[in-house]
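Below: one structure, written as structure tokens.
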2 protein chains.
Amino acid sequence: MKITPAQRHNHIKELLAKDIAFTVSELAVKFNVSEMTIHRDLNKLEKQGHIQRVHGGVLPTERMEFEFDFANKRATNRKFKQAIAKSALTLIEPGQRLILDTGTTTLELAYLLKNFPNLTVITPSLAVASVLQFADGVETILLGGSIRHGSPDLTGAVAEHVLDMFAVDIAFQGADAIGDDGRIYNIDVRMARVDQKIRQRAAQTHILCDSSKIGSTSLAANGSLRDVDSLITDSNISQEYIDRFEKLGTKLTIV
Amino acid sequence: MKITPAQRHNHIKELLAKDIAFTVSELAVKFNVSEMTIHRDLNKLEKQGHIQRVHGGVLPTERMEFEFDFANKRATNRKFKQAIAKSALTLIEPGQRLILDTGTTTLELAYLLKNFPNLTVITPSLAVASVLQFADGVETILLGGSIRHGSPDLTGAVAEHVLDMFAVDIAFQGADAIGDDGRIYNIDVRMARVDQKIRQRAAQTHILCDSSKIGSTSLAANGSLRDVDSLITDSNISQEYIDRFEKLGTKLTIV
DNA sequence: TTGAGATGTTATAAAATGTTATGTTTGCGG
DNA sequence: CCGCAAACATAACATTTTATAACATCTCAA
């Protein structure tokens, strides 16, 4: 069976993550390639910071990798999400305090904030936190709380309680669905409660949501577009929804 | 049997969603088209953000990886740390509520708890949280707070505040150093404050610390061995320290 | 029929791999 | 401590595999 170089690299990383030791020649046999190829693989992985080489072998790198299954959704509509995030960025000014909610679109915004000077970001999302942890200009505060199974974010009484300690300038929230009546839905009840709380603690709230989620519903409504300051979405939104939402008095930004 | 390009695209996406990787030539055979066609398919899918190409083939749909830098050397004294963790494990019973502090030794304990039935674990450590997030029998609660730069854990007023909400059966703490007078040190002032708070919230506290850290000091003392219920360490501890610590009234467990 | 999109073919470029020669480290015996 | 052999690592080059570009052919629906 033939595999690609990239697969081989991943395989090696997995072995290390499991703390399995190996020699170069073992790997060469295992993958049925020459030792030279393994050397090149290891050099590449080292340059990327995934492993640490020593003479005669490999050490697991001194960092932990955390994997959260993001339900494979990050890639979907990525271009739109990035455009939406870019638009949201223009609302932010140095020195402000933000809440960045869970979601793939808000995560794109987090990437854009990496080089922003002097911000405080509060988030229930471990994903957002991991993106911002090395951003020098950004103080990152993670809400406490229970870790939702299978999703990297924090909810529950603790999270809600911690939110009470803060007041911020702007909140950016995602949405799992927006109904045609303008109601905003979460896929999880506890997350919906957190989202409600977040709006209470922010002077203004903006919803970042790509058009594919508009016109559908999900488990728990956390409020309505009436309750927020604007919706930022992409140009695939149908005219019908534009009209409806404007009737609700919602400011629409279409990128 | 003939299928349309769009069907082929969908088929490819489905296969990848199932965590299966492919080489270009495999796909060419599978769909009975030329490799050139597969190349064109993959390019199109990649542009739409649906797949991730690599030289030679395609990778399964991406899982997100979050990395938190782990400054401390997990590998150092690993054997001892594991032995210490194993000893700590015997103190724990099903149904209990624990606090697991930050540190490489407590992290080893977290690994051992993965299959423990019915526990509640409160932790300021993102590393511990990530280890336990998929443990079915363990409810994991992360303290909130600021993310320390270069170390994946949570400190500050928020963390301390959240701790006030809880009371637990046992706390397991690490130590960056233990002085010859029995004082327990942290490398970080804010972490020291959290550690003090943790002891207040636990009916009993055990220090897990390998012998290499005994007899040294660090920046901030968070208390003394007098204040805790036991110290679990390895057999490399010198007789001198054993005597000293026993004079303090500290229970020593040497593994 | 015709023209746009899809596919195949061939030539060329780029990436990956293997081979051999040449350095480097490690550990051992003096 | 030194020198030396064995194991390990790199460099340079040749070969093979894979990717792209350009052009020819085919298909199907208007």
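Here is how names work: the chains are called A, B, and so on, in the same order as the sequence lines, proteins then strands, and each is numbered from 1. From a predicted model like this one, the values you see are computed outputs, not experimental measurements.
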Between A:E35 and B:N32, just flag the one whose closest nucleotide in DNA chain C comes earlier from the 5' side.
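Going by which nucleotide is closer to the 5' end, it is B:N32.
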
Should [X] be listed as having a side-chain N or O under 4.0 Å from OP1 or OP2 of [N]?
X     : N      : result
A:S34 : C:dG18 : yes
A:R53 : D:dT10 : yes
B:S25 : D:dT18 : no
A:H55 : D:dC8  : no

Distance-only donor-acceptor test, B:R40 side-chain atoms vs C:dG5 base atoms, 3.5 Å
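Check fails, no donor-acceptor contact within cut-off.
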
Provide, to the nearest angstrom, the distance between the [atom1] atom belonging to [X] and the [atom2] atom belonging to [N].
X     : N      : atom1 : atom2 : value
B:I38 : C:dA6  : CD1   : C1'   : 13 Å
A:Q7  : D:dT18 : CD    : C1'   : 14 Å
B:M36 : D:dA22 : CE    : C1'   : 10 Å
A:E46 : D:dA9  : CD    : C1'   : 12 Å
B:H9  : C:dT7  : NE2   : P     : 7 Å
B:N43 : C:dT7  : CG    : C1'   : 15 Å
B:D41 : C:dG8  : CG    : C1'   : 13 Å
B:F31 : C:dG8  : CZ    : P     : 13 Å

So, [X] versus [Y]: side-chain donor-acceptor pair below 3.5 Å or not?
X      : Y      : value
A:Q239 : A:D243 : yes
A:S211 : A:N236 : no
A:S218 : A:D176 : no
A:Q7   : A:T4   : yes

Of the nucleotides [options], which has the atom closest to the [X] side chain?
X     : options                : answer
A:R8  : D:dA11, C:dT17, D:dT20 : C:dT17
A:H39 : D:dT10, C:dG8, C:dT7   : D:dT10
B:K44 : D:dT10, C:dT17, C:dA6  : C:dA6
A:V24 : D:dT20, C:dG8, D:dA9   : D:dA9

Does A:V54 or B:T23 map to a spot on DNA chain D nearer the 5' end, using the closest nucleotide for each?
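Result: A:V54.
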
With A:K81 as reference, evaluate A:T104, A:T105, A:T106 under the side-chain hydrogen bond (donor to acceptor under 3.5 Å, both in side chains) test and give the passing residue.
A:T104

